[in-house]
Asker: 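Dropping the structure in here first, questions after.
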Amino acid sequence: MIRAATPDLPDDPSSEQVEAWAELAELVGDEDFRARMRRTAVYQATGRTLHIESEAGEELMALTRQRVAEALESGIDPLGDRGTRIIDDLVHRFAAVFARTPDTEFRDWMAEQLEEAHDPRVDRYWRLVWIVNGWQVVPSLAPVYPWLVHALRNGREV
């Protein structure tokens, strides 16, 4: 995925694309960031990532973003009764997409995937790549990750 989605500045870029390109150059110039991306690439190569690139998967991610954002705005505790109902529903929906059992092992797997993806620099990298390449920039899940992971872990340290 990382190799397939490299930035490709068009011959006649917009000012937004040029600005994104310059920010990308600065970002990839950071050794810590490059090390993080290498770890991400290795992690993805193991096949342990969330492969949600279908229409159903996109809808599920949009629903997740919406439900958790609403929970955050409403001050819903991820470990409270309302938070538990939200996460139970989402876990069952994800389990259906992945043909998995919505048990503790699956919840831990989901949390692990989300924790691996929760790096603002990686999120920014992808947004900049989308801008440079002229692709649709989708809303980020980054603001909802902490709530979602905490709810998935249900207060358990793993």
Side-chain angles (χ1 to χ4, degrees), residues 1-2 4-5 7 16 19-20 23-24 26-27 30 32-158:
M1 181 176 144
I2 291 173
E16 181 184 34
E19 289 172 19
E23 188 176 338
L24 266 172
E26 184 177 331
L27 188 58
D30 181 277
D32 288 338
F33 175 75
R34 287 195 312 272
R36 173 67 171 96
M37 290 300 283
R38 281 191 296 276
R39 286 191 309 273
T40 299
V42 168
Y43 190 81
Q44 288 180 343
T46 66
R48 295 182 293 181
T49 58
L50 287 175
H51 295 289
I52 307 183
E53 296 173 2
S54 66
E55 184 176 328
E58 290 175 14
E59 291 172 8
L60 181 55
M61 295 309 287
L63 175 68
T64 299
R65 188 179 301 106
Q66 174 194 345
R67 298 281 311 273
V68 175
E70 289 170 358
L72 284 165
E73 288 173 16
S74 299
I76 295 174
D77 179 354
L79 304 182
D81 290 341
R82 291 173 63 196
T84 299
R85 285 193 300 274
I86 292 167
I87 201 63
D88 286 348
D89 177 57
L90 292 172
V91 166
H92 281 84
R93 291 171 186 263
F94 273 88
V97 167
F98 290 104
R100 299 269 306 264
T101 303
D103 56 10
T104 301
E105 181 182 330
F106 182 67
R107 287 172 184 255
D108 288 343
W109 178 82
M110 283 181 61
E112 182 181 303
Q113 304 307 303
L114 293 165
E115 287 171 330
E116 182 64 24
H118 183 0
D119 183 325
R121 296 173 305 165
V122 173
D123 184 67
R124 185 64 183 155
Y125 171 84
W126 288 114
R127 296 187 172 300
L128 294 168
V129 168
W130 294 339
I131 291 167
V132 168
N133 289 350
W135 299 342
Q136 178 184 356
V137 178
V138 298
S140 173
L141 280 175
V144 303
Y145 283 146
W147 190 98
L148 194 53
V149 169
H150 193 58
L152 286 165
R153 297 273 192 222
N154 196 18
R156 293 175 288 110
E157 292 296 321
V158 177

Asker: In Å, rounded to the nearest 0.5 Å, how long is the span from CG of L27 to CZ of F33?
Answerer: 4.0 Å
Asker: Using a 4.5 Å cut-off on heavy atoms from C-beta on, say whether the side chain of T101 contacts that of F106.
Answerer: no
Asker: Check whether any side-chain heavy atom of M110 sits under 4.5 Å from a side-chain heavy atom of L90, and report yes or no.
Answerer: no
Asker: Side chain to side chain contact (heavy atoms under 4.5 Å, CB included), that's the test. Do D88 and R107 meet it? Break it down for me.
Answerer: CA-CA 10 Å; D88 286 348; R107 287 172 184 255; 2.4 Å; yes
Asker: When you measure from the side chain of W147 to the backbone of G83, do you find a donor-acceptor pair of N or O atoms at a distance under 3.5 Å?
Answerer: no
Asker: Could you tell me how the ring of F98 sits relative to the ring of W109: parallel (under 30°), tilted (30 to 60°) or perpendicular (over 60°)?
Answerer: perpendicular
Asker: Between H150 (side chain) and P146 (backbone), is there a donor-acceptor pair under 3.5 Å?
Answerer: no
Asker: Less than 4.0 angstrom from a charged side-chain N to a carboxylate O is my criterion; do D123 and R127 meet it?
Answerer: yes
Asker: Measuring only between side-chain heavy atoms, which start at C-beta, is D108 closer than 4.5 Å to L152?
Answerer: no
Asker: Please walk me through it: do R93 and D89 pass salt bridge (Lys or Arg N to Asp or Glu O under 4.0 Å)?
Answerer: CA-CA 6 Å; R93 291 171 186 263; D89 177 57; 2.9 Å; yes
Asker: Can you tell me how far the CG atom of D30 sits from the CE atom of M37, to the nearest 0.5 Å?
Answerer: 12.0 Å
Asker: How far apart are the closest heavy atoms of L114 and V149, and which atoms are they?
Answerer: CB-CG2, 3.7 Å
Asker: Counting neighbours of CD on E16 that are heavy atoms of other residues, nucleotides or ligands and sit closer than 6.0 Å, is the number greater than 12?
Answerer: no
Asker: Is there side-chain contact between Y145 and V68, with at least one heavy-atom pair below 4.5 Å?
Answerer: no
Asker: With a cut-off of 6.0 Å (strictly less than), are more than 12 heavy atoms of other residues, nucleotides or ligands near CZ of R82?
Answerer: no
